[in-house]
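Read through the structure below, which is laid out as structure tokens, and then see the notes.
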2 protein chains.
Amino acid sequence: MEQELQSVTLTSQALERLRQAILDGRFVAGQKLVERELCALTGASRSILREALVHLEAKGLIERQSYRGFTVALLDEEKIKEIFELRTILETQAAELFTQRATDEEITLLKSTFRKLEDCEQAFDLGEARQIKEHFYEILFDGCRNREIKNALSNVTDRIYFLRSQLMMDENRRSASLIEMKHLTNALATRDRWAARATSLEHLQAAEATILAQLATQRISQAA
Amino acid sequence: MEQELQSVTLTSQALERLRQAILDGRFVAGQKLVERELCALTGASRSILREALVHLEAKGLIERQSYRGFTVALLDEEKIKEIFELRTILETQAAELFTQRATDEEITLLKSTFRKLEDCEQAFDLGEARQIKEHFYEILFDGCRNREIKNALSNVTDRIYFLRSQLMMDENRRSASLIEMKHLTNALATRDRWAARATSLEHLQAAEATILAQLATQRISQAA
DNA sequence: ATTTAGTATTTTGTATACAAAATACTAAAT
DNA sequence: ATTTAGTATTTTGTATACAAAATACTAAAT
């Protein structure tokens, strides 16, 4: 009677793999996604692949032009500012909600996850650090007790996430980022509503400034 | 050389029609969407239809279970509260941004659109009133100068929009709603940042309360 | 050498066929 | 009469074939 194991379809697998490939920065921003090539790459048929492409288009991760196919979304300075404005609205609010709604267990978990992040950064284990950072934010967003906010935030972070792999953070920015997150963690752990908003905002503004600076540098080197 | 007229594909047409059908409340919440039936209804082939379905699923308007197809998303009280919490965050912010960024032309347009809305309400032209209300909000969201916020708001309003057609607003609520919007319009037109937030919040909370009350009534009548 | 017009190839859009799972149906067993 | 097991039908998942548009290529004209 029951069918607990929801059979994983090829479509859902292809979708997740394609999404991950884009987030990992395996395509250059603006790059054309040729269906035949993706089929060869993934072994999936066109119908499977197209469902994945249409899904990612609806989420805004890729773009589509009729009879010209899909391309990885290209972000200019204006778009990045818009995305960050939206992200800031949501993420500062998420931080505030966390202080009001997270369980004590979640706070403990958040603190221990941040300590792990510190260890990884000290050991220069950057790949691992990235994963832990994602986990940190997952705990934070779950603590809001609002899946809609979490989902909206995921959409918006996905769309700028792949920039990470294309522009490298330097040592200064990495240590500054860690300090900002330490302040955020403290504010969240003590359930300090306004400090949570403030530290979250600080971190977001610094991240945005870094990305915009990197983008300007890239543009100059491309023009040369 | 140029191909300005972007040829409208059958897929994009089917997507828009299906989306509109859902927003118009032509399917009951929770209803199964059988592909064959939709094909017969729209005259589209399955491949066309499926692209539209996958797109709408990615946007959260419909849901999917493997080998069991698509259903119109079913909203319980908790989900509605979550959606409204997100919408409130975005829409109050949008109102504030409008006061800072809208052009004088947009303010003039907003005011005249609100006057049209008043006329329709007085004439009991409800269908027309609904369209004008949508236009009012489009002007408001455009005035934010942030397409990301506008898009996120569209997604979130789409998901609760079809409730409108299933639960009828009574006369009291309609006139109260109009007064709230009058206050909002005044705040926006005078570029009063905090009043815009406050009146927007007031309107949203009243709308949420109405929907939740209606939902409770429906549940009782269904149980009987 | 560069442009241009025409043709060939590739790519996307669309329809359909087949496979696998879910559901509806039937008849036997209690 | 109700449950249960087995079978038929429907529905979704997946692969592929054909059509239409875009792109790449070729050769003629200036």
Side-chain angles (χ1 to χ4, degrees), chain A residues 1-19 21-22 26-74, chain B residues 1-19 21-22 26-74:
Chain A
M1 191 106 307
E2 292 176 58
Q3 166 72 12
E4 275 309 312
L5 267 166
Q6 69 154 357
S7 52
V8 180
T9 59
L10 292 178
T11 300
S12 62
Q13 284 177 274
L15 171 64
E16 200 39 52
R17 287 181 58 181
L18 190 55
R19 175 176 168 274
I22 293 170
R26 300 230 245 113
F27 306 99
V28 187
Q31 184 177 341
K32 178 119 197 289
L33 296 168
V34 182
E35 294 177 16
R36 191 180 45 74
E37 288 175 10
L38 295 176
C39 286
L41 200 78
T42 62
S45 74
R46 261 188 84 204
S47 56
I48 300 295
L49 220 100
R50 279 187 131 242
E51 285 206 11
L53 288 167
V54 168
H55 191 106
L56 293 173
E57 185 218 357
K59 291 220 163 188
L61 212 56
I62 62 179
E63 288 167 355
R64 185 177 193 176
Q65 273 197 306
S66 43
Y67 288 102
R68 282 176 189 170
F70 298 88
T71 50
V72 179
L74 190 58
Chain B
M1 191 106 306
E2 291 176 57
Q3 167 72 15
E4 275 310 311
L5 269 166
Q6 70 154 355
S7 52
V8 180
T9 59
L10 292 178
T11 300
S12 62
Q13 283 177 272
L15 171 64
E16 200 40 52
R17 286 180 58 181
L18 190 54
R19 174 175 168 276
I22 293 170
R26 298 231 247 115
F27 306 99
V28 187
Q31 184 176 343
K32 177 117 198 288
L33 297 168
V34 182
E35 293 177 16
R36 192 181 44 77
E37 289 175 10
L38 295 176
C39 286
L41 201 78
T42 62
S45 74
R46 262 188 82 206
S47 55
I48 299 297
L49 220 98
R50 281 190 128 240
E51 285 207 12
L53 288 167
V54 168
H55 191 105
L56 293 173
E57 185 218 356
K59 291 220 163 187
L61 212 57
I62 63 179
E63 289 167 357
R64 186 179 193 176
Q65 272 195 306
S66 42
Y67 288 101
R68 284 177 187 169
F70 298 88
T71 51
V72 179
L74 189 59

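Residue numbers start from 1 in every chain, and the chains themselves are labelled A, B, ... in the order their sequence lines are given, proteins ahead of strands.
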>> Between A/Thr9 and A/Thr11, is the side-chain hydrogen bond (donor to acceptor under 3.5 Å, both in side chains) condition met? List the steps.
In response: CA-CA 5 Å; A/Thr9 59; A/Thr11 300; 4.6 Å; no

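- A salt bridge does not link B/Glu63 to B/Arg68: none of the charged nitrogens lies less than 4.0 Å from a carboxylate oxygen.
- Distances shorter than 4.0 Å separate none of the side-chain N or O atoms of A/Arg36 from OP1 or OP2 on C/dT12.
- Near DNA chain C, meaning a heavy atom under 4.0 Å from it, residues 45-54 of chain B has B/Ser45, B/Arg46, B/Ser47, B/Ile48 in order of number.
- Between A/Leu38 atom CG and C/dT10 atom P there is a gap of 18 Å when expressed in whole angstrom units.
- Under the 4.5 Å side-chain criterion, counting only non-hydrogen atoms from C-beta, B/Val72 is not in contact with B/Val28.
- Between the CZ atom of B/Arg64 and the P atom of D/dT11 there is a distance of 17 Å, given to the nearest Å.
- Residue A/Leu15 contributes atom CG, which lies 12 Å from atom P of D/dT14 at whole-angstrom precision.
- Rounded to whole angstrom, the span from the CD atom of B/Glu35 across to the P atom of C/dT16 amounts to 15 Å.
- For D/dA22, the paired base is C/dT9 (Watson-Crick or G-U wobble, both distances below 3.5 Å).
- Put simply, the side chain of A/Thr42 gets close to the backbone of A/Leu38: a donor and an acceptor are under 3.5 Å apart.
- Set against C/dA22, C/dG13, D/dT14, the side chain of A/Ser66 has C/dG13 as its closest nucleotide.
- Among the nucleotides D/dT14, C/dG13, C/dT11, the one closest to the side chain of A/Tyr67 is C/dG13.
- Straight-line distance from the CD atom of A/Glu57 to the C1' atom of C/dG13: 14 Å, rounded to whole Å.
- Look at CG on B/Leu33: it is 13 Å from C1' on D/dT11, rounded to the nearest Å.
- Side-chain contact between A/Leu33 and A/Thr71: absent, with no pair of heavy atoms (C-beta onward) separated by less than 4.5 Å.
- Here D/dA17 sits opposite C/dT14 as a Watson-Crick or G-U wobble pair (both hydrogen-bonding atom distances under 3.5 Å).
- Here B/Leu18 contributes atom CG and B/Leu49 contributes atom CG; the two are 6.5 Å apart, rounded to the nearest 0.5 Å.
- In this structure, C/dT2 and D/dA29 make a Watson-Crick or G-U wobble pair, each of the two defining distances being under 3.5 angstrom.
- Of the side-chain N and O atoms in A/Thr11, one or more sit less than 4.0 angstrom from OP1 or OP2 of D/dT14.
- Straight-line distance from the CD atom of A/Gln65 to the C1' atom of D/dA22: 11 Å, rounded to whole Å.
- Taking side-chain N and O atoms only, A/Lys32 has a distance below 4.0 Å to OP1 or OP2 of C/dT12.
- With salt bridges taken as basic N to acidic carboxylate O contacts below 4.0 Å, one links B/Arg64 and A/Glu51.
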